[in-house]
Amino acid sequence: MRDDTRLYISMSDAANPLSSVISQPFRLDEFDWPTAEHYMLAMLFEDPEPREAIRTAADPAEAHKQFKRHKRKRRPDWEAVRRLYMTRAIYTRCQTHPEAASALLQTGDKQIIESSLYDYYWGCGRDGRGHNTYGEVLMDVRERLREEARTHA
Ligand SMILES: Nc1nc(O)c(N)c(N[C@@H]2O[C@H](COP(=O)(O)O)[C@@H](O)[C@H]2O)n1
């Protein structure tokens with residue numbers, strides 16, 4: 001049965017304006033980032049070398065390869081900060097690209113769910129019991145954009 005109250009998205013859909021891998025560059029923390037995924041993966045490291053290797057990767061797949069290459073240098077506090085970094089990336093992308101903000105606002109009050117078989121943190125996991133953190137980040141940013149629109153009306 002169709003459920004119009006939910007919107008399922010896939011992380012790997014680079015054509016979806018809600019995805020973290022869509023090519024919508026933005027500037028944040030004094031650097032230019034090709035995608036939100038590049039930014040999030042770079043923030044996994046405090047060391048500037050892997051950060052730069054990820055930032056300058058040609059696409060998100062290459063950025064992911066760089067992330068894996070440097071995996072051992074991963075910052076110890078990542079679990080505590082990852083949601084915040086993803087939120088900053090998505091919010092800044094929406095500030096930079098009005099079409100990104102508008103695509104998010106057009107989802108209305110739908111619950112956004114990242115469908116992922118394997119990821120129980122960013123996605124909903126195979127059985128739907130995952131945290132769906134990426135979906136929550138999108139909904140948080142959507143709420144903030146709405147608040148800002150109300151304030152500036
Ligand atoms: N499943 C999924 N959904 C997203 O929205 C994502 N941005 C990612 N990215 C992947 O997450 C991994 C790094 O973060 P964690 O250590 O899991 O917190 C890495 O594999 C990225 O490619 N994944």
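Excluded from the calculations below are hydrogen atoms, water molecules and symmetry mates; all remaining heavy atoms, backbone and side chain alike, are included. Numbering of ligands and ligand atoms starts at 1, following listing order.
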*asked:* Need the ligand 1 atom indices (1-based, order shown) with element for anything under 4.0 Å from a heavy-atom of F67.
replied: 19 (C), 20 (O)
*Of M11, R83, R74, M43, which has the heavy atom at the shortest distance from atom 16 (O) of ligand 1?*
R74
*Looking at atom 22 (O) of ligand 1, what's its closest protein heavy atom, distance included?*
H64 CD2, 2.8 Å
*In terms of hydrophobic clustering (I, L, V, M, F, W, Y; side-chain heavy atoms under 4.5 Å; direct or indirect links), are F26 and Y134 co-clustered?*
yes
_So for ligand 1, is E37 a polar contact partner (N or O within less than 3.5 Å, distance only)?_
yes
_Residue, atom name and distance, where the atom is the protein heavy atom closest to atom 2 (C) of ligand 1_ = E114 OE2, 3.3 Å
_I'd like to know if R55 pairs up with E49 as an ion pair, taking the criterion as any Lys NZ or Arg NE/NH1/NH2 lying under 4.0 Å from an Asp or Glu carboxylate oxygen._
no
_Contact atoms of ligand 1, heavy-atom distance to D119 under 4.0 Å_ = 1 (N), 2 (C), 23 (N)
*What's the verdict on salt bridge (Lys or Arg N to Asp or Glu O under 4.0 Å) for D140 and R83, showing C-alpha distance, side-chain angles and the deciding distance?*
CA-CA 11 Å; D140 286 350; R83 179 173 178 148; 2.9 Å; yes
*Atoms in ligand 1 with a heavy atom of Y134 nearer than 4.0 Å*: 5 (O)
*Does a side-chain N-to-carboxylate-O contact under 4.0 Å join D109 and R146?*
yes
*Within the structure, does W122 bring an N/O atom to less than 3.5 angstrom of an N/O atom in ligand 1?*
yes
*Check if W78 has a non-hydrogen atom at a distance under 4.0 Å from any atom of ligand 1.*
yes
_Protein contact of atom 18 (O) of ligand 1 - nearest heavy atom, named by residue and atom, plus distance_ = R82 NH1, 2.6 Å
*May I ask you to decide whether R144 forms a salt bridge with E147, counting only side-chain N to carboxylate O separations under 4.0 Å?*
no
*Are D4 and K110 close enough for a salt bridge, meaning some N to O gap below 4.0 Å?*
no
*Salt bridge or not for R51 and E46, using N-O below 4.0 Å?*
no
*Taking only heavy atoms of M86, which atoms of ligand 1 are found under 4.0 Å from at least one of them?*
7 (N)
*Should the ring pair W78 and Y85 be called parallel, tilted or perpendicular, given that the plane angle runs from 0 to 90° and is split at 30 and 60?*
parallel
*Could you establish whether S20 and ligand 1 come within less than 4.0 Å of each other, counting only heavy atoms on the residue side?*
yes
